[in-house]
Amino acid sequence: MEGPAATSRCHPGDAEAAAAVARAIERWGPAPHRLLQVLRAAQEDLGWLPPAALTAAARGLGVPLAQVRGVVAFYAFLHAEPRGEYRLLFSDDVPDRMAGAGERLAWLCERLWLEPGRLSEDGLVSVDRTPGLGLCDQAPALLVNDRPVTRLTPARAEQLCELMLARTPVTAWPAGLFEVEENGGRADV
């Protein structure tokens, strides 16, 4: 994303944040039990959930601001801080650690000049950890813009870096990067 739209996604104004929440409430309804859906929809518009969006959601749904903040803090897919154009979320469970997820994370961060849990200075990449993705049998795994990447070998990690540094849209990345094997079937079912 380039130009003025990129700037507004990084730091949306209060009016823009309130408008995104209003659209989400219009879509999902003003009921308090729709809080999660409203936050997800507003985040899709804004790229993250700035304080003005949290306040607007609390007012629009008639729930305490502390409840809204608690929901955002609980769910790893909700973000109260700006995120990069490319958002990497590494699985941090035992099988992924044993398969080298920590080493891949450290290598990627060094290659891209950033720290886990932080946004790169150019706003290109943000990297963080999550307790697990449910892909232990294909570790190490991560999500790139909410798309699973499994079996992150050093070669695949280098490929990810090259694609991100070239600012290739994730939708144009090789489909093979996002292949997930179905290993959950049972022979006796």
Side-chain angles (χ1 to χ4, degrees), residues 1 4-94 96-97 101-102 105 108-109 112 114-136 140-149 160 164 169-171 178 180:
M1 181 178 287
T7 304
S8 67
R9 274 182 69 92
C10 287
H11 300 287
D14 291 356
E16 183 183 355
V21 171
R23 287 189 298 274
I25 290 173
E26 184 177 316
R27 177 179 175 198
W28 290 100
H33 72 276
R34 296 291 187 189
L35 175 60
L36 186 57
Q37 288 82 8
V38 166
L39 293 173
R40 280 188 54 94
Q43 181 173 278
E44 282 182 31
D45 277 359
L46 300 168
W48 64 292
L49 295 167
L54 304 184
T55 301
R59 286 185 183 144
L61 298 174
V63 298
L65 181 57
Q67 179 180 347
V68 176
R69 287 181 177 151
V71 168
V72 172
F74 180 79
Y75 289 102
F77 56 81
L78 295 175
H79 307 281
E81 297 289 330
R83 299 176 303 152
E85 183 178 331
Y86 300 101
R87 297 166 307 280
L88 283 62
L89 193 59
F90 274 80
S91 183
D92 193 31
D93 56 21
V94 173
D96 283 279
R97 287 181 190 183
L105 172 70
L108 251 157
C109 286
L112 298 170
L114 62 109
E115 297 175 36
R118 308 287 271 195
L119 176 64
S120 62
E121 288 184 25
D122 60 1
L124 183 66
V125 183
S126 54
V127 177
D128 215 337
R129 296 176 179 96
T130 188
L133 299 174
L135 296 167
C136 298
L142 72 149
L143 297 178
V144 178
N145 292 8
D146 301 320
R147 296 173 185 231
V149 174
L160 293 181
M164 290 184 288
V170 174
T171 55
F178 305 113
V180 176

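Values below: all heavy atoms of this structure, side chains included; hydrogens, waters and symmetry mates excluded. In this text the structure is predicted, and so the values were computed from the model without any measurement.
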Enquirer: If you look at every heavy atom in Cys136 and Asp93, which pair is closest and at what distance?
Expert: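 Taking every non-hydrogen atom into account, SG-OD2, 3.1 Å.
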
Enquirer: Under 3.5 Å, side-chain donor or acceptor atoms of residues 59-71 against the rest of the protein: list the pairs with distances, not counting sequence neighbours.
Expert:
none

Enquirer: Heavy atoms, side chains only, cut-off 4.5 Å: are Leu105 and Pro116 in contact?
Expert: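 When only atoms from C-beta onward are counted, Pro116 and Leu105 do touch, with a gap below 4.5 Å.
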
Enquirer: Check Asp96 against Ala141 and note the closest heavy-atom contact, atom names and distance.
Expert: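 Nearest pair, atom of Asp96 first, then Ala141: OD1-N, 2.8 Å.
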
Enquirer: Leu143 versus Val149: any side-chain heavy-atom pair under 4.5 Å?
Expert: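 Heavy-atom side-chain distance check fails, nothing below 4.5 Å.
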
Enquirer: Please list, chain by chain and in numerical order, all residues satisfying side chain to side chain contact (heavy atoms under 4.5 Å, CB included) with Ala52, sequence neighbours excluded.
Expert: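 Partners of Ala52 by the side chain to side chain contact (heavy atoms under 4.5 Å, CB included) criterion, ordered by chain and then number, come out as Asp14, Ala17.
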
Enquirer: Sequence neighbours left out, what passes side chain to side chain contact (heavy atoms under 4.5 Å, CB included) with Arg34? Give chain and number order.
Expert: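 Testing Arg34 for side chain to side chain contact (heavy atoms under 4.5 Å, CB included), a comparison that skips the adjacent residues, returns Trp28, Ala31, Gln37, Val38.
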
Enquirer: For residues 120-132, which side-chain N or O atoms pair as donor and acceptor with protein atoms under 3.5 Å away, sequence neighbours left out?
Expert:
{"from": "Ser120", "atom 1": "OG", "to": "Asp122", "atom 2": "OD1", "distance (Å)": "2.6"}
{"from": "Ser120", "atom 1": "OG", "to": "Leu124", "atom 2": "N", "distance (Å)": "3.0"}
{"from": "Ser120", "atom 1": "OG", "to": "Val125", "atom 2": "N", "distance (Å)": "3.0"}
{"from": "Ser120", "atom 1": "OG", "to": "Val125", "atom 2": "O", "distance (Å)": "3.3"}
{"from": "Asp122", "atom 1": "OD1", "to": "Leu124", "atom 2": "N", "distance (Å)": "2.9"}
{"from": "Ser126", "atom 1": "OG", "to": "Gly84", "atom 2": "N", "distance (Å)": "3.0"}

Enquirer: Arg40: what forms a side chain to side chain contact (heavy atoms under 4.5 Å, CB included) with it, not counting sequence neighbours?
Expert: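 In terms of side chain to side chain contact (heavy atoms under 4.5 Å, CB included), with neighbours along the sequence ignored, Arg40 is linked to Phe77, Leu78.
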
Enquirer: Between Leu108 and Phe90, does the side chain to side chain contact (heavy atoms under 4.5 Å, CB included) criterion hold? Intermediate values first, please.
Expert: CA-CA 11 Å; Leu108 251 157; Phe90 274 80; 3.5 Å; yes

Enquirer: Output the distance between atom NE2 (His79) and atom CG (Leu119), rounded to the nearest 0.5 Å.
Expert: 11.5 Å

Enquirer: To check you understand the geometry: which heavy-atom pair defines the closest contact between Gln43 and Arg83, and what is its length?
Expert: NE2-NH2, 4.0 Å

Enquirer: Side chain to side chain contact (heavy atoms under 4.5 Å, CB included) between Arg97 and Asp92: does it pass, once the steps are laid out?
Expert: CA-CA 6 Å; Arg97 287 181 190 183; Asp92 193 31; 3.0 Å; yes

Enquirer: Please report the closest heavy-atom contact between Ala42 and Leu49, naming both atoms and the distance.
Expert: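 Smallest interatomic distance, heavy atoms only, reads CB-CD2, 4.0 Å.
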
Enquirer: Start with the C-alpha gap between Arg87 and Val144, add the side-chain angles, then the distance that decides, and say whether side chain to side chain contact (heavy atoms under 4.5 Å, CB included) holds.
Expert: CA-CA 6 Å; Arg87 297 166 307 280; Val144 178; over 6 Å; no

Enquirer: Does the Asn145 side chain pair with the main chain of Glu85, one donor and one acceptor, at a distance under 3.5 Å?
Expert: yes

Enquirer: With sequence neighbours excluded, tell me which residues meet salt bridge (Lys or Arg N to Asp or Glu O under 4.0 Å) with Arg147.
Expert: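 Result, salt bridge (Lys or Arg N to Asp or Glu O under 4.0 Å) vs Arg147: none returned.
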
Enquirer: Taking the side chain as everything from C-beta on, heavy atoms only, tell me whether Leu142 gets closer than 4.5 Å to Ser91.
Expert: no

